[in-house]
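Values reported hereafter were calculated over all heavy atoms of this structure, with side chains retained and with hydrogens, waters and symmetry mates removed.
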Amino acid sequence: MSVVRGTSLSHYPQLVRELGGDPVALLRAAGIRPQDVGRYDLFIPFRGVATAVESAAIVTATPDFGRRLADHQGIEILGPVGVAARTAATVGDAFTIFENFMAAYSPAISTTVTPLDRPGRAFFEFRLSIDGSPPIPQSIELTLGVTLRVLRLMIGSDYAPLDVHVPHEPLTTEKDYFRYFGCTPRFSASKAGFTLRTTDLAQPLNHDRLANEAVVQYLKLITAHDSGFAASARTMVRQLLPTGSVTLELIAAQLNLHPRALQRRLTAEGVTFGALLDEVRRDAAEHYLRDTNMTLSHLTRELGYAEQSVLTRSCRRWFGTGPADFRRSAAEPIQPPAGTAADRAR
C-alpha cells in the first residue's frame, strides 16, 4: 500500500532549486503533482516520492541529498501522529505512538522498538515497504535524518544515539555520517535504524494528557476506518474525481499495481471498485450539499460527472430526493417534539 502524505516532500522544491535543479520537472517525471507537495491532507504515491528524492540526488550531483532534505523537515510532517507523540508522557511512549499509528501518515512505513540482549539497549527500526522497488538509499537516509531530528527535539539538540544502522554502502565519507548523526555508522546493515539507550526512552516529555488522549482517539478512529488497501484507493479516487476520468486502471497506475491486482486486493476487503467510487461520490455530495453553498453545476464537476442530470439521478438513488431538495431539508432546523414548550411552561 504505497502512499504517503504530501508533507513527505516538504521543502523539496526549495532544496532542489538551491542545488541548481528543476523541482517541477523532477516531480512531474516522478508522477507527483507539484501542487500536492507539502499538503498533509493528500496522499501521494510513495514510489513517486522515492523516485523524486533519488533522482534529485543524481541530477544535482548531491550524494547526501536525503540527509540535506531531512535538515528541513521534522515531526511536523507527521501531522496528528506527531502531535500525539509530542504530548506523550515519555520518549518511549512517543515511539509507541509511531508504532501504532504511522499508517495515518503512510501505510508503507512501519516502526518498532525492540530490547536488545545487552542490558540498557534497544533498537529502533523502520521499514519502507514498496513492492518491487529498486534501491532507495536517499529515501532511507531521509527517514534516518528525520528520525534523528525527532529524537533531538524530544531529548535535546545535541543528542546522539549509540549507533546508526544504514542498509547500504556509504554515499559519502564515513566521517560525514559520523558528523551528521553524531555516532558510529554501521553500513550494509540488515536493518535501518538506531541503537538507543533505554534511559533515553524513559526521558519525560511535556506531557499533555488531555490533548494526547484526544489525538490518540482521533488516530484510532481514522486508522480503524482507513487501515486497509481500499483506503489508499479511496483517497486517490477522491483526489482525482474532478478530472472526470477516474477508472480502475488509472487508480491502479497511481498505486503502482496491475488493475487486476488492485481489484483482487479490494475484493479481499469486501468491496468492488465500482462500489468504492460510488461511496466516495456519495460522501462528497452529502458534505458539499449539507455544509457548503457550492452550486450544483460546480458539484457536478467536482464529482466527475459530465451532466447535472447524472448528479440528480445519483442523489435520488442515494438520498431519495434530488440535490436541491436534499440541501433544503438538510438546512431546515430540527423542530422540538410537540408539547415540549407547554411542558416547560408548567
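The minimum heavy-atom distance linking H165 with L144 is given by the pair O-CD1, 4.1 Å. When all heavy atoms are compared, the tightest approach of L219 to A84 is CD1-CB, 3.9 Å. Here the closest non-hydrogen pair linking C315 and L289 is SG-CD1, 4.1 Å. Counting all heavy atoms, side chain and backbone alike, F65 lies closest to L15 at CE1-CD2, 3.6 Å. Taking all atoms of both residues into account, the shortest heavy-atom contact from S10 to L69 is O-CD1, 3.6 Å. Annotation for F181 and P161: closest pair O-CD, 3.8 Å, computed over non-hydrogen atoms.
Under 4.0 Å is where a charged nitrogen must lie from a carboxylate oxygen, and between R281 and D278 no such pair does. The pair E307-R313 does not count as a salt bridge, with every side-chain nitrogen at least 4.0 angstrom from each carboxylate oxygen. Note on E125 versus R127: salt bridge recorded, some NZ/NE/NH1/NH2 to OD/OE distance being below 4.0 Å. Under 4.0 Å is where a charged nitrogen must lie from a carboxylate oxygen, and between D36 and R33 at least one such pair does.
Within 6.0 Å of CZ in R260 there are 12 or fewer heavy atoms belonging to other residues, nucleotides or ligands.
Of the possible donor and acceptor atoms, none in the side chain of D163 sits under 3.5 Å from a partner among the backbone N and O of T184. Listed for the E76 side chain is a donor-acceptor partner under 3.5 Å among the backbone atoms of G74. In this structure a side-chain-to-backbone donor-acceptor pair under 3.5 Å is present from T312 to Q308. For the pair T62 (side chain) and I58 (backbone), a donor-acceptor distance under 3.5 Å is absent. Proximity of a side-chain donor or acceptor of S106 to a complementary backbone N or O of M102 within less than 3.5 Å is not detected. With Q138 contributing its side chain and P63 its backbone, the two residues share a donor-acceptor pair below 3.5 Å. Side-chain N or O atoms of Y12 include one that pairs as donor or acceptor with a backbone N or O of A52 at under 3.5 Å. With hydrogens and angles disregarded, a donor-acceptor distance shorter than 3.5 Å links the side chain of H207 to the backbone of T87. Proximity of a side-chain donor or acceptor of R152 to a complementary backbone N or O of Y159 within less than 3.5 Å is detected.
Between Y40 and L78, the closest side-chain pair of non-hydrogen atoms is not below 4.5 Å. No side-chain heavy atom of V49 sits under 4.5 Å from any side-chain heavy atom of S139. Looking at heavy atoms from C-beta onward, T198 lies out of side-chain contact with R121 at the 4.5 angstrom threshold. Side chains of L162 and L196 form no contact here, defined as non-hydrogen atoms less than 4.5 Å apart. Annotation: side chain of I136 is in contact with side chain of E54 (closest heavy-atom distance under 4.5 Å). Side-chain contact between I75 and R86 is present, with heavy atoms from C-beta onward closer than 4.5 Å.
Counted by atom type alone, T96 and D93 present zero donor-acceptor pairs between their side chains at under 3.5 Å. Y288 and N293 are not linked by any side-chain donor-acceptor pair at a separation below 3.5 angstrom, with hydrogens and angles left out of the test. Looking only at atom types and distance, the side chain of E169 has a donor-acceptor partner in the side chain of S188 under 3.5 Å away. Side-chain polar atoms of T172 and D64 form no donor-acceptor pair below 3.5 angstrom.
Cluster annotation: L153 and V91 are assigned to the same hydrophobic cluster (Ile/Leu/Val/Met/Phe/Trp/Tyr, side-chain heavy-atom contacts under 4.5 Å, transitive).
Interatomic distance, OG of S8 versus CD1 of I109, reported as 7.5 Å (0.5 Å rounding). Put simply, CD on Q263 and CD1 on I251 are 12.5 Å apart, with the number rounded to the nearest 0.5 Å.
Residues passing the side-chain contact (heavy atoms from CB on, under 4.5 Å) test with E99 are T111, T112, sequence neighbours excluded. For R149, there are no salt bridge (Lys or Arg N to Asp or Glu O under 4.0 Å) partners at least two apart in sequence or on another chain.
Aromatic pair F187/Y177: centroids less than 6.0 angstrom apart. F123 and F194 have their aromatic ring centers separated by at least 6.0 angstrom.
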Determine all donor-acceptor pairs shorter than 3.5 Å in which one atom belongs to a side chain in residues 16-24; sequence neighbours excluded.
| from | atom 1 | to | atom 2 | distance (Å) |
| --- | --- | --- | --- | --- |
| D22 | OD1 | V24 | N | 3.2 |
| D22 | OD1 | A25 | N | 3.3 |

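At least one test fails for R5 against the ring of Y105: distance under 6.0 Å to the centre or angle within 45° of the axis.
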